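One structure below.
Residue numbers start from 1 in every chain, and the chains themselves are labelled A, B, ... in the order their sequence lines are given, proteins ahead of strands. Keep in mind that what you see is a predicted model, and the values were worked out from it rather than measured.
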Protein chains: 2
Amino acid sequence: MARRPRNNGSLQELADRLHSAAIHILRLLRGQDSKTGIGPAQLSALSVIVFAGPISLKDLAGAEQVKAPTMSRIVDALQRAGLVNRLADRQDRRAVLIRATPKGTALLHKGRKRRVEFLASYLERLNYGELKEIEKALKAVQEALQRSPSVNIDRP
Amino acid sequence: MARRPRNNGSLQELADRLHSAAIHILRLLRGQDSKTGIGPAQLSALSVIVFAGPISLKDLAGAEQVKAPTMSRIVDALQRAGLVNRLADRQDRRAVLIRATPKGTALLHKGRKRRVEFLASYLERLNYGELKEIEKALKAVQEALQRSPSVNIDRP
DNA sequence: GGAAATAATTAGCTTAGCTAATTATGGCTC
DNA sequence: GAGCCATAATTAGCTAAGCTAATTATTTCC
């Protein structure tokens with residue numbers, strides 16, 4: 001562990017600025033999501049389902065930090081829209097697995113592409129050195145956040 | 001504008017990773033907000049009100065990317081909780097200004113401090129060089145996002 | 001001065017958060 | 001093996017928060 005000349009005030013200031021940047025980025029990208037035709041909660045849940053593969057309702061609720069009844073409802077809506085299916089879990093008949101349909105998967109990938117392209121259009125104005133710095137910083141941030149690698153899924 | 005050896009695919013990949021990092025950070029910090037006692041939409045609106053000072057309902061709705069009736073309701077709830085006041089706007093009698101109470105301001109600052117301290121606790125595991133890289137990258141990101149400096153307020 | 005535009009609010013609907021209650025299944029102890 | 005407790009999902013009821021439509025009051029423009 002390297003020596004750290006930064007005092008706690010500066011570390012907090014850096015945390016503050018990182019926090020602000022994250023908010024700013026996501027606020028910027030939020031506008032792109034209306035084109036998916038589903039709301040934030042459904043899109044977020046769909047993202048987990050697509051990236052994690054079939055997942056129990058319980059685990060999905062946990063990943064989204066909501067209770068099971070809430071997630072049951074969100075899944076209802078996704079199912080009605082033809083974006084996910086509910087499957088019986090052979091290992092545990094109390095459980096149900098939620099799986100994305102091809103339609104759901106396509107919708108999610110399209111939405112994500114839209115966000116990424118939009119953000120890239122902002123990053124384009126930076127030079128090579130700046131982009132390189134962002135790349136390095138992202139590695140550091142990823143490392144810092146790796147306290148619990150159990151759920152490593154990003155969502156919109 | 002410096003020469004840029006990065007092709008569009010790599011720029012998109014960087015955007016994708018920046019996007020993911022932003023999501024990851026905010027998802028991490030979200031858990032701290034329940035201690036404020038108000039929900040995400042109210043906390044976000046309160047943050048704008050506190051940092052921007054008294055603001056019209058219309059502008060607040062715009063800043064939060066919701067319609068006026070929605071924001072009217074959110075402000076109703078904040079007012080009931082004693083966190084904001086509605087004032088007549090002397091310049092335009094159609095308008096109403098929303099101002100944070102001392103109680104609202106205190107709640108917001110406490111919540112923000114909680115988030116920042118939590119994030120700082122993760123950043124603590126990084127060394128000086130890594131922190132410096134994050135600092136530089138944040139400058140670059142800030143520059144990239146500065147297309148519309150009109151609303152430069154960060155919210156939870 | 002009058003018509004059109006604008007700001008805020010209310011009503012009605014849907015989505016999404018919670019807790020409480022219920023039903024079926026799984027695990028553990030005797 | 002039986003019974004009890006824990007667990008997973010769903011439903012019901014409530015509140016919060018998103019939208020559109022409608023209304024009222026004020027401002028702006030011709």
Side-chain angles (χ1 to χ4, degrees), chain A residues 26-27 30-49 54-81 83-99 155-156, chain B residues 26-27 30-49 54-99 107 155-156:
Chain A
L26 293 191
R27 186 183 68 201
R30 193 194 314 166
Q32 300 302 308
D33 293 339
S34 55
K35 292 164 194 166
T36 64
I38 64 175
Q42 290 181 36
L43 189 56
S44 188
L46 184 59
S47 174
V48 174
I49 297 160
I55 182 171
S56 72
L57 191 132
K58 184 190 97 168
D59 288 340
L60 182 56
E64 289 287 90
Q65 297 173 31
V66 298
K67 307 298 185 192
T70 303
M71 189 49 71
S72 191
R73 247 190 208 143
I74 291 170
V75 169
D76 283 348
L78 289 173
Q79 192 167 350
R80 281 196 305 270
L83 304 176
V84 302
N85 291 317
R86 276 180 162 100
L87 320 175
D89 182 350
R90 295 219 178 120
Q91 323 272 38
D92 183 347
R93 284 191 292 176
R94 294 173 300 183
V96 67
L97 293 180
I98 318 296
R99 184 181 63 182
R155 294 144 314 155
Chain B
L26 292 191
R27 186 183 68 199
R30 192 194 319 168
Q32 299 302 306
D33 293 340
S34 55
K35 293 165 195 166
T36 63
I38 64 175
Q42 290 181 35
L43 189 56
S44 188
L46 183 60
S47 173
V48 174
I49 296 159
I55 182 171
S56 73
L57 192 131
K58 187 189 99 172
D59 288 340
L60 181 57
E64 291 287 90
Q65 297 172 30
V66 300
K67 306 299 185 192
T70 303
M71 188 49 71
S72 192
R73 248 190 206 144
I74 291 170
V75 170
D76 283 348
L78 289 172
Q79 192 168 351
R80 281 198 303 271
L83 304 176
V84 302
N85 291 317
R86 276 179 162 99
L87 321 175
D89 181 350
R90 294 217 180 124
Q91 324 272 39
D92 183 347
R93 282 191 293 176
R94 294 172 300 183
V96 67
L97 293 181
I98 318 295
R99 183 181 63 181
L107 182 147
R155 291 144 315 154

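Computed from coordinates, the L57(A) CG to dA16(C) C1' distance equals 14 Å when rounded to whole Å. At whole-Å resolution of the value, CG in L97(A) and C1' in dA9(D) are 12 Å apart. Here the C1' atom of nucleotide dA9(D) and the CG atom of D59(A) are 13 Å apart, to the nearest Å. Distance K67(B) NZ to dT23(D) C1': 19 Å, rounded to the nearest Å. We find that CD1 of I55(B) is positioned 13 Å from P of dA7(C), with the value rounded to whole Å. Between the C1' atom of dA17(D) and the CG atom of L46(B) lies a distance of 16 Å, rounded to the nearest Å. Atom-to-atom, CD of Q42(B) to P of dC18(C) comes out at 15 Å; the value is rounded to the nearest Å. As rounded to whole Å, 14 Å separates atom P of dA7(C) from atom CD1 of I98(B).
For the contact set between residues 84-94 of chain A and DNA chain C, defined by any heavy atom under 4.0 Å, the members are D92(A), R93(A), R94(A). The stretch residues 72-82 of chain B touches DNA chain D through R73(B), I74(B), each having a heavy atom within less than 4.0 Å of the strand.
Residue pairs that meet the salt bridge (Lys or Arg N to Asp or Glu O under 4.0 Å) test with at least one member in residues 76-86 of chain B, sequence neighbours left out, are D76(B)-R86(B).
Residue S72(A) holds its OG atom at 9.5 Å from CD of Q79(A), rounded to the nearest 0.5 Å.
For P69(B), the listed nucleotide lying nearest its side chain is dC19(D); candidates were dA8(D), dC18(C), dC19(D).
Using a 4.0 Å heavy-atom distance criterion, A95(A) is classed as a sugar-phosphate-only contact.
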